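Since the structure comes first, as structure tokens, the remarks are kept for the end.
None of the values given here were measured: they were computed from a predicted structure.
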Amino acid sequence: MTRKNQGLLFGFASYIQWGFLSLFWKLLAGVSAYNTFSWRIVFTVVTMLVYALIANQTTRFKGELVGLWQDKKALLRMFLASFLIAANWLIYIYAVGHGQATQASLGYYIMPIVSILFALVFLRESLSRSMWVAVVLAFIGVLVLVVNTGKLPIISLGLALSFGFYGLIKKGVKLSSDVSMLVESGLLLPFVAIYLIFFSPESFSSYSSLEMFLLAISGIVTAVPLLCFSEAVKRAPLNLIGFIQYLNPTIQLLVAILIFGETVSFGELKGFLFIWVSILVFVTGQILNLRKSS
């Protein structure tokens, strides 16, 4: 198998895992979203420390952490990134646990479009014609959702905007993905520990055996897809990996409708259609650009 095909295989593995992750969080619907999120942070830190020891990566981890500590600007960026990814995780867990998985899938559909828009506004990057069309269509789709449902898709926009700002702030921070995950969860650890010890209405022992087991492996469930994604982008071009990123929200949407029994109203469907067309325009433009560069 060629290195590029290995990368695509890792990419498929990461997006498929992320797509079915809603099934995992749905099993924890009996645990409050705040507690699920907090225990996820705790066990992600534990998982990444164990991973560093087992994979014999402690020297590399220490080197990157020392470098980060010496670069105060990068450290500040990681603080901000930690709270943005925390918001993203918390919104997603809340959405799945409260019957809003379709809204969550829509958020992941429009994430790339939001990232493009942020690149235009904040990084002064130029957009191709197809990207402009995609952004306009996605914006129209959100407006159609507002008009037909009478409310903003808060969950969808919250997921897309939090991750968009997360990616923007992390641009230029030179940390490997595994160290980055340890840093982000580690920076949040004191806050969630204070919540769990002093403010949480639930204790770990109050959960069922299944819930305790699921919370205990939530760090592994968080880490494995990201590590697969990291290996994917090392082996295959990022534009190829980008073409399959819509597996994630597509699987999420199918799970929400076929397994969770959620419904999509006709008004929501009209908004979804504009967003799906914007994605089609975006992907088509990327394919044409790839062919030109080839």
Are side-chain heavy atoms of [X] and [Y] found at a separation under 4.5 Å?
X: Met181; Y: Thr222; result: yes
X: Leu273; Y: Trp276; result: yes
X: Gln103; Y: Glu268; result: yes
X: Phe139; Y: Val135; result: no
X: Asn5; Y: Leu8; result: yes
X: Leu106; Y: Leu145; result: yes
X: Ile257; Y: Thr263; result: no
X: Arg77; Y: Lys170; result: no

Kindly determine whether Ile93 and Arg40 satisfy side chain to side chain contact (heavy atoms under 4.5 Å, CB included), including the steps that lead there.
CA-CA 10 Å; Ile93 292 169; Arg40 181 184 188 181; 4.1 Å; yes
Hey, what's the ring geometry for Tyr51 with Phe61, parallel, tilted or perpendicular (30° and 60° as the breaks)?
tilted
Can you tell me how the ring of Phe43 sits relative to the ring of Phe204, calling it parallel under 30°, perpendicular over 60° and tilted otherwise?
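Tilted: the ring planes of Phe43 and Phe204 meet at 30° to 60°.
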Between [X] and [Y] (side chain of the first, backbone of the second, donor and acceptor by atom type, cut-off under 3.5 Å), is there such a pair?
X: Asn88; Y: Leu159; result: yes
X: Ser180; Y: Ser176; result: no
X: Glu262; Y: Ala101; result: yes

Run the side chain to side chain contact (heavy atoms under 4.5 Å, CB included) test on Leu188 and Phe83 for me, step by step, so that the C-alpha distance in whole Å, both residues' side-chain angles and the decisive distance to 0.1 Å come before the verdict.
CA-CA 7 Å; Leu188 293 168; Phe83 286 100; 3.8 Å; yes
May I have all residue pairs that pass salt bridge (Lys or Arg N to Asp or Glu O under 4.0 Å) and include part of residues 60-70, sequence neighbours excluded?
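Every salt bridge (Lys or Arg N to Asp or Glu O under 4.0 Å) pair that includes a residue of residues 60-70, provided the two are not neighbours, is Arg60-Glu64, Arg60-Asp178.
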Using a distance-only test with no angle check, is there a side-chain donor-acceptor pair under 3.5 angstrom linking Asn35 and Ser32?
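The criterion, which ignores hydrogens and geometry beyond distance, is satisfied for Ser32 and Asn35.
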Ignoring hydrogens, what is the shortest heavy-atom contact between Gly11 and Ala232? Give both atom names and the distance.
N-CB, 3.4 Å
Atom of Val114, atom of Gly164 and distance for their closest heavy-atom approach:
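Nearest pair, atom of Val114 first, then Gly164: CG1-CA, 4.4 Å.
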Take atom [atom1] in [X]; do more than 12 heavy atoms of anything else shown fall under 6.0 Å from it?
X: Phe163; atom1: CZ; answer: no
X: Phe122; atom1: CZ; answer: yes
X: Phe272; atom1: CZ; answer: yes
X: Lys72; atom1: NZ; answer: yes
X: Trp132; atom1: CH2; answer: no

Hey, quick one: are [X] and [Y] part of the same hydrophobic cluster, counting side-chain heavy atoms closer than 4.5 Å, chains of contacts allowed?
X: Leu214; Y: Val221; answer: yes
X: Val50; Y: Leu227; answer: no
X: Met212; Y: Leu215; answer: yes
X: Phe191; Y: Tyr195; answer: yes
X: Leu280; Y: Tyr15; answer: no

Start with the C-alpha distance between Val42 and Leu189, add both sets of side-chain angles, then the distance that settles side chain to side chain contact (heavy atoms under 4.5 Å, CB included), and finish with yes or no.
CA-CA 6 Å; Val42 171; Leu189 184 61; 3.8 Å; yes
Does the side-chain hydrogen bond (donor to acceptor under 3.5 Å, both in side chains) test come out yes or no for Tyr34 and Glu202, once each step is laid out?
CA-CA 10 Å; Tyr34 297 112; Glu202 308 165 2; over 6 Å; no
So Phe229 and Phe10, ring pair (Phe, Tyr, Trp, His ring centres under 6.0 Å) or not? Walk me through it.
CA-CA 6 Å; Phe229 181 78; Phe10 275 115; over 10 Å; no
Going through the checks in order, is the side chain to side chain contact (heavy atoms under 4.5 Å, CB included) test met by Leu175 and Met78?
CA-CA 10 Å; Leu175 285 179; Met78 288 303 297; 4.1 Å; yes
Euclidean distance, Leu90 CG relative to Ile41 CD1, rounded to 0.5 Å:
9.5 Å
Where at least one partner belongs to residues 16-26, residue pairs that pass side chain to side chain donor-acceptor pair (under 3.5 Å), sequence neighbours excluded
none
Where do Tyr109 and Ser278 land on the side-chain hydrogen bond (donor to acceptor under 3.5 Å, both in side chains) test, with the steps shown first?
CA-CA 10 Å; Tyr109 271 122; Ser278 77; over 6 Å; no
Indicate, with yes or no, if the rings of Tyr108 and Tyr92 have centres closer together than 6.0 Å.
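Under 6.0 Å, so yes.
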Quick one: ring pair (Phe, Tyr, Trp, His ring centres under 6.0 Å) partners of Tyr207, sequence neighbours excluded?
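Checked Tyr207 against ring pair (Phe, Tyr, Trp, His ring centres under 6.0 Å); zero matches.
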